[in-house]
Amino acid sequence: MEQKAEQQIQITFPDGASREYGAGVTGMEIAESIAKSLAKASIAVKVDGVQRDLSDPIFEDAGLEIIKLDSDEGLEIMRHTVAAQLLARAVKNLYPDAKLAIGPTIENGFYYDVEFSKALSSEDLEKIEKEMRKISETNARIVKSLNSKSDAVSAFKERGEDYKVEIVEGADQEDDFQLYTQGDTGFVDLCRGPHLPSLKHVGVFKLMSIAGAYWRGDSSKAMLTRIYGTAWRNDKELQEYLLQLEEAEKRDHRKLGNEMDLFHFQLEAQGSVFWHPKGFTVYNQMEAYIRRRLNHAGYDEIKTPQLIDNKLWEKSGHWGKYRENMFVVPDEIPSGDDDGPVVSDKAFDKLMALKPMNCPAHVQVFNQGIKSYRDLPIRLAEFGCCHRNEPHGALHGLMRVRQFTQDDAHIFCREDQITDEAVMFCDLLKAIYSDLGFEDVAVALSLRPETRVGDDALWDKAEEGLRKALVKTGLEFREDEGEGAFYGPKIDYQIRDAIGRTWQCGTLQLDFNLPERLDASYIGEDGAKHRPVMLHRAILGSLERFIGVMIENYAGKLPLWLAPVQCVVATITGSADDYAKEVYGALKEAGIRAELDIRNEKINYKVREHSAVGKVPNLFVVGAREAEEKTVAIRRLGSKDQTVESTDAAIAALVEFSKPPF
RNA sequence: GCUGCUGUAGCUCAGUGGUAGAGCGCGUCAUUGGUAAUGACGAGGUCGGGAGUUCAAUUCUCCCCAGCAGCACCA
């Protein structure tokens with residue numbers, strides 16, 4: 001204390017002002033020295049950019065920023081406290097033998113992983129939430145102590161907190177383990193902090209769900225119970241968030257796919273899509289669009305077999321590395337004997353597999369005939385139907401299926417062509433995403449991992465080629481050291497949809513391995529054989545997934561060129577039926593995907609059904625007046641206005657507006 | 001694959017130890033209407049599958065399957 005008065009330190013604030021304090025001053029004391037109201041609102045500080053507790057003493061000159069709840073950082077700290085202090089303490093109160101693992105914040109909330117002796121139910125969740133409220137109302141002060149490794153270990157051992165013991169024992173540091181308590185409640189948690197100074201600052205919170213989660217994310221380790229929650233500054237924010245969740249649910253492609261009659265799934269073919277006429281219309285439009293794009297970009301389209309002998313998969317390396325994801329089929333005609341085994345033992349001598357990827361087959365096409373360096377690059381594209389035996393728990397609507405079609409292509413080129421090809425690809429990808437309504441693309445460049453094939457000179461060239469391409473295309477990207485595949489560096493593209501979720505779709509992967517394994521070669525300028533570099537690339541990734549993303553991004557209201565039904569002609573009265581048929585015929589003639597609705601229903605009913613449920617972009621409403629005047633009353637999706645136009649003009653406009661972007 | 005929850009009519013869901021109900025949709029009839037649900041009547045279910053307990057199971061128990069949420073996986 002005496003020393004504190006002797007030594008002075010300089011504290012600098014974000015606005016540039018600075019003040020002197022005695023060494024050892026705390027954030028709280030500084031806040032109090034500025035204004036009482038500030039001290040009241042402060043929940044933590046940032047010392048030279050590092051978040052600290054308000055109670056932490058500061059001994060050296062430093063830049064200091066006070067964190068209040070109104071900032072993003074403040075909100076996150078509050079959530080962290082709700083998880084680590086409120087939720088954890090409530091759990092320990094109700095289930096004293098529960099073992100706490102970790103409780104971080106996540107986007108919009110937090111979770112805590114806990115080991116319970118028996119399974120939790122949703123009623124338990126309510127009980128825990130109630131207990132949390134009770135604790136919250138005590139406004140308990142949160143007190144931190146710093147402990148040595150041995151003290152921390154013994155404190156948690158005493159309490160049977162095996163996971164905390166493991167965390168402390170595994171830590172690099174020897175001292176300064178931060179233990180947080182709430183007075184003499186007996187509750188202790190290990191935490192990197194910072195925390196709110198007291199529970200008084202806690203806003204509103206709600207526990208959302210429980211789920212399993214592996215300890216340390218490792219499927220060979222114990223499965224813990226993860227409790228998810230959300231916390232906000234006030235009820236209004238919470239309600240907004242809950243509303244947003246509801247909105248997201250309404251966009252769920254599985255729900256919309258059902259309502260809009262696009263596709264279905266069923267038991268007998270789990271993980272594979274039954275496309276209905278309307279859904280397949282979207283699919284076909286998508287495929288046709290990409291086909292035009294690829295043709296224009298110098299790709300040659302091919303089609304390769306579905307079922308391929310395992311000898312090829314052995315050669316390509318898939319048999320060794322990817323077999324557990326492959327559907328394997330014996331190459332034998334099943335026995336006609338009802339009672340006998342379907343296939344003989346010998347059937348397993350010759351196995352085939354449904355292709356999980358197209359690449360080995362594409363190399364086979366490349367390998368036909370002798371290629372000259374003058375032939376390169378060769379770009380082979382395929383709407384390749386792949387089967388992957390995905391873990392059952394991974395299947396999810398169109399987003400994760402067992403049979404899907406990739407907009408796949410492989411580019412075979414010389415090393416000196418890598419950059420140009422990468423630039424062309426990035427440009428094409430950007431253009432396509434933009435056409436499809438996605439401007440926000442997150443790009444990650446994954447660089448060489450520790451175990452890899454190919455020499456460093458080649459990796460240098462390849463990584464630099466990809467980097468250059470990204471810079472040239474103006475795509476912002478981050479670089480992930482060591483994240484590349486063993487066979488080459490790659491670029492992953494994630495698109496962000498209308499409600500902020502990201503989806504991995506496009507990819508560009510260099511492959512130095514497969515051409516070697518499958519002995520692909522070309523004759524160089526020097527007359528000698530050389531290995532081509534192979535680029536795996538996809539833009540949509542899988543047609544299925546991308547359509548799922550499109551449905552959710554547009555909440556079912558697909559752009560006109562993709563809409564399964566572009567226009568419905570709906571009558572107001574039976575007396576307009578003949579005219580409606582005429583308009584419908586003209587629409588079909590003009591190439592518009594139209595439907596005719598002359599059912600004996602009121603116009604209100606028809607409008608609701610085609611708009612709210614069917615998401616049809618255009619309604620041509622016709623009654624006696626329109627029939628008389630040869631017009632249609634146009635109602636566009638999402639608009640309450642109607643415009644009356646001559647039928648010919650309306651159809652011409654529709655034809656114009658329904659043109660695909662390319 | 002792991003943890004938890006769920007599975008009843010085409011869809012969304014209610015319900016019960018004594019073999020089922022609503023709304024929407026579907027069919028028929030009436031109604032001919034002017035922009036987000038016209039009315040009446042009717043048809044429609046092995047209550048996910050299998051086993052067990054019971055006089056009796058859709059209901060209780062166990063096993064399996066599938067769906068959902070999350071985890072792991074997605075070179």
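The sequence lines fix the lettering, A, B, ..., with proteins before strands; numbering per chain opens at 1. None of the values given here were measured: they were computed from a predicted structure.
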Test the A:K321-A:F486 pair against the cation-pi criterion, namely NZ or CZ under 6.0 angstrom from the six-membered ring centroid and within 45° of the ring axis.
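Checked: cation-pi criterion met.
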Do A:R79 and A:W232 form a cation-pi contact, if we require the NZ or CZ to be under 6.0 Å from the six-membered ring centre and within 45 degrees of the ring's axis?
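The answer is yes; both the distance and angle limits are met.
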Side chain of [X] only, please: which of [options] is the nearest?
X	options	result
A:R625	B:A66, B:G34, B:G70	B:G34
A:Q270	B:A37, B:C74, B:G67	B:G67
A:N604	B:U38, B:A69, B:C71	B:U38

For the aromatic rings, using the six-membered ring if either is Trp, is the centroid distance between [X] and [Y] under 6.0 Å?
X	Y	result
A:H276	A:F263	no
A:F412	A:F366	yes
A:F116	A:Y95	yes
A:W459	A:F512	yes

Distance check, [atom1] atoms only: [N] and [M], in whole angstrom units.
N	M	atom1	answer
B:A57	B:G17	C1'	7 Å
B:A14	B:U8	C1'	10 Å
B:G48	B:C68	C1'	15 Å
B:A37	B:C64	C1'	42 Å
B:U3	B:U38	P	50 Å
B:G50	B:A40	P	39 Å
B:G1	B:C11	P	25 Å
B:C74	B:G15	C1'	42 Å

Would you mind reading off the distance between [X] atom [atom1] and [N] atom [atom2], rounded to a whole angstrom?
X	N	atom1	atom2	value
A:E259	B:U12	CD	P	9 Å
A:R608	B:C24	CZ	P	11 Å
A:K221	B:U3	NZ	P	18 Å
A:L245	B:C68	CG	P	18 Å
A:L207	B:G70	CG	C1'	15 Å
A:R599	B:C26	CZ	C1'	11 Å
A:K255	B:A69	NZ	C1'	17 Å

With sugar-phosphate meaning primed atoms plus P, OP1 and OP2, does [X] contact a base, only sugar-phosphate, or nothing at under 4.0 Å between heavy atoms?
X	answer
A:G317	nothing
A:Y111	nothing
A:E601	base
A:A570	nothing
A:T573	base

Whether the side chain of [X] and the base of [N] hold a donor-acceptor pair under 3.5 Å is what I'd like checked.
X	N	answer
A:E626	B:G34	yes
A:Y214	B:G70	no
A:R635	B:A36	yes
A:H318	B:A75	yes

If you pin A:Y228 and A:L224 to their nearest nucleotides in RNA chain B, which one's is more 5'?
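Closest to the 5' end, via its nearest nucleotide, is A:L224.
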Given that A:I634 and A:S219 both sit by RNA chain B, which one's nearest nucleotide is further toward the 5' end?
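Checking each residue's closest nucleotide, the 5'-ward one belongs to A:I634.
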Which dot-bracket string fits RNA chain B when only Watson-Crick or G-U wobble pairs with both atom distances under 3.5 Å count, crossing pairs get [ ], and | stands for a partner on a different strand?
(((((((..((((....[..)))).(((((.......))))).....(((((..]....))))))))))))....
Carboxylate-amine/guanidinium contact [X] [Y], below 4.0 Å:
X	Y	answer
A:E259	A:R254	no
A:E247	A:K250	yes
A:K630	A:E645	no
A:D519	A:R531	yes
A:D252	A:K255	no

If the cut-off is 4.0 Å, is [X] near the phosphate of [N], judged by side-chain N/O to OP1 or OP2?
X	N	result
A:Q642	B:U35	no
A:R254	B:A69	yes
A:Y605	B:U32	no

With no hydrogens and no angle check, do the side chains of A:T405 and A:Y283 hold a donor and an acceptor under 3.5 Å apart?
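There is such a pair between these side chains.
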Would you tell me whether A:Y579 and A:T647 have side-chain atoms, one donor and one acceptor, within less than 3.5 Å of each other?
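Yes, A:T647 and A:Y579 have a side-chain donor paired with an acceptor closer than 3.5 Å.
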Give me the residues of residues 389-406 of chain A where at least one heavy atom lies under 4.0 Å from an atom of RNA chain B, by number, or none.
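Correct list: A:P391, A:H392, A:G393, A:A394, A:H396, A:R400.
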Contact residues, residues 478-488 of chain A to RNA chain B [heavy atom, < 4.0 Å]:
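Hits under 4.0 Å, by residue number: A:A485, A:Y487.
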Less than 4.5 Å apart, any side-chain heavy atom of A:T105 and any of A:Y111?
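Result no, sub-4.5 Å side-chain heavy-atom pair not found.
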